[in-house]
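Inspection log for the structure reproduced underneath, given as structure tokens.
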Amino acid sequence: MINPNFSKLVFGRAIGNAGDSIYMIAMNWFILKLTDSALWIGIMNAAIVLPGILLFLFGSTIDKHSKRRLLVAVEFSQLVVVVLLIVALLAHVKLAGVYVILVFIAALFGSLAYPIQDALVPLIVKKDELVQAQEYMSIAYKGTDYVFNALSGFLIGLLSVLGILIADAVTFVVTVLTFNRIKVHEPHHQPAETSEPYFQQVLVGFKIISKNRLLGLLTFSSAVLNFFFGGLNTYVVLFGRHFGGSIYYGILESMSAVGTLVGMTLLYRSLKRLSVRVAYLIGNLGCTIFMFLTVVTFNQFWAFAVVYLGSFIFLGLTQVYETPMIQASVAADQLGKVMTSFYTLVSITLPLGSIAFAYLADRFDLRLFLFLFGVFDAVVFLLFDAVVFLLFALSRSFRRVDDLQL
């Protein structure tokens, strides 16, 4: 690990996300049992995703205050909300809206943790260690999300929803204590007061993204692909049904988990001699090719599963590089605003994709969705990798990206 403080950040994030990812699925299952309504499931999922759209409102706050203290505060706030959920379950509260509101609040605090962490990392690691740091952070919060999402059905049956929430409360206690032990030098002075209205301050991140060619195209490509990943979250359930049931659905979820982790670790490490631009290009190209191959293998489950695994291996590779590219292109005192604006923009398309493709599910052949996913992935690949990295490689933003140490 890079240094002791960074080790604490990674450990705390892994523990927190392990419990967090399970309890979100557990609450979906609980709402289904409580209401027997698909509509309430949709509302619950919207409550989980929507906070990401509001993150831009907090960018200025992140830049002005201690990142470590903010991180401890949001984790402690999630602990409080989880305790309230436990109390509601023990009190046999039957109002679904109560649980949705509490989950929305918990998801808001949970979403804030990501841009706070992204703004904190450059303060505790060197610039040439940012990509390596992102590898560990990706495993800690994305890797654990995928793995424990795949295990969630088994764990809910073993522990019950109440047991999951109690275990989750314990993980937040551990996370708070771990983050509180991080020692980081942060400027003690406050930024100069500005006469700009608050709304103009929160728009600064959007303006920086729109003026920076690298950030603009990175945001655009991520937003487009997230629209299809929103659809994939719906369609992977249908893939499982197509192949024979929930067991196949679980296998596909496990394939996405394993593939992402392999891409973040083994594939990333095997490409360390390449520049960031070339490695990122390989990741996008590989994901595009394997997504097209899923159409060809759709009638044979194990062939499909292996190809599906391959697409997520290359996807995992690309996820290692995205945050360091932003961190290398933005001044430290603006990073909170930019990261929250980035997360807001790329989060908007996830629920839109889920809703759009859920509506089209009965009208679309499953293979057509996979084909369209591949087509749009190829378009984004050509736009982002070929055009941007080859035509604008001499720009200042791209030189800073190439200075990153793999």
Side-chain angles (χ1 to χ4, degrees), residues 12-55 57-58 70-114 116 141 144-145 147-180 233-234 237 246 253 347 350-351 354-355 358:
R13 185 70 277 140
I15 295 296
N17 270 46
D20 201 34
S21 58
I22 298 173
Y23 108 84
M24 289 295 186
I25 292 179
M27 289 309 300
N28 266 325
W29 183 256
F30 172 75
I31 285 293
L32 178 61
K33 289 291 186 181
L34 179 66
T35 65
D36 194 29
S37 168
L39 176 60
W40 275 107
I41 293 293
I43 294 172
M44 178 63 81
N45 278 304
I48 294 171
V49 174
L50 284 176
I53 300 174
L54 305 176
L55 289 179
L57 297 172
F58 303 93
L70 287 174
L71 192 56
V72 171
V74 297
E75 297 297 327
F76 180 77
S77 299
Q78 283 184 277
L79 170 61
V80 171
V81 176
V82 170
V83 170
L84 292 176
L85 284 168
I86 292 172
V87 171
L89 280 175
L90 292 174
H92 302 291
V93 174
K94 300 297 183 182
L95 297 174
V98 171
Y99 297 101
V100 169
I101 291 171
L102 289 175
V103 167
F104 174 82
I105 296 171
L108 177 59
F109 287 121
S111 298
L112 278 168
Y114 294 102
I116 294 172
Y141 54 78
T144 51
D145 272 351
V147 170
F148 282 90
N149 284 350
L151 295 174
S152 58
F154 169 76
L155 293 174
I156 291 170
L158 181 66
L159 299 177
S160 79
V161 173
L162 179 60
I164 290 289
L165 290 178
I166 293 173
D168 194 49
V170 174
T171 65
F172 280 122
V173 171
V174 174
T175 302
V176 168
L177 294 175
T178 303
F179 286 161
N180 197 47
N233 290 337
T234 298
V237 183
S246 59
E253 287 284 21
S347 296
L350 271 171
S354 296
I355 294 171

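In this structure, the side-chain contact (heavy atoms from CB on, under 4.5 Å) partners of V100, at least two apart in sequence or on a different chain, are W40, I43, M44, A47. Contacts of A113 classified as side-chain contact (heavy atoms from CB on, under 4.5 Å), with partners at least two apart in sequence or in another chain: R13, L71, V74, E75, Q117. Residues satisfying the side-chain contact (heavy atoms from CB on, under 4.5 Å) criterion with L108, sequence neighbours excluded, are P51, F58.
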Could you give the side-chain donor-acceptor pairs of residues 88-97 under 3.5 Å, partners two or more places apart or in another chain?
none

In a table with atom names and distances, give each donor-acceptor pair under 3.5 Å that connects a side chain of residues 165-180 to protein atoms at least two apart or in another chain.
from, atom 1, to, atom 2, distance (Å)
D168, OD1, D20, N, 3.1
D168, OD1, T171, OG1, 3.4
T171, OG1, D168, O, 2.5
T175, OG1, G12, O, 3.3
T175, OG1, G16, N, 3.3
T175, OG1, T171, O, 2.8
T178, OG1, V174, O, 2.7
N180, OD1, R68, NH1, 3.3

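Distance check, rounded to the nearest 0.5 Å: CD1 of I53 to CG of L50 gives 5.0 Å. Between L70 atom CG and I116 atom CD1 the span is 5.0 Å, to the nearest 0.5 Å. Atom CG of N17 is separated from atom OH of Y114 by 4.0 Å, given to the nearest 0.5 angstrom.
Counting heavy atoms from C-beta on, the side chains of Y99 and L34 come closer than 4.5 Å. M27 has its side chain within reach of L85: a pair of non-hydrogen atoms, C-beta onward, lies under 4.5 Å apart.
The local environment of CZ in F76 is sparse, with at most 12 non-hydrogen atoms from other residues, nucleotides or ligands closer than 6.0 Å.
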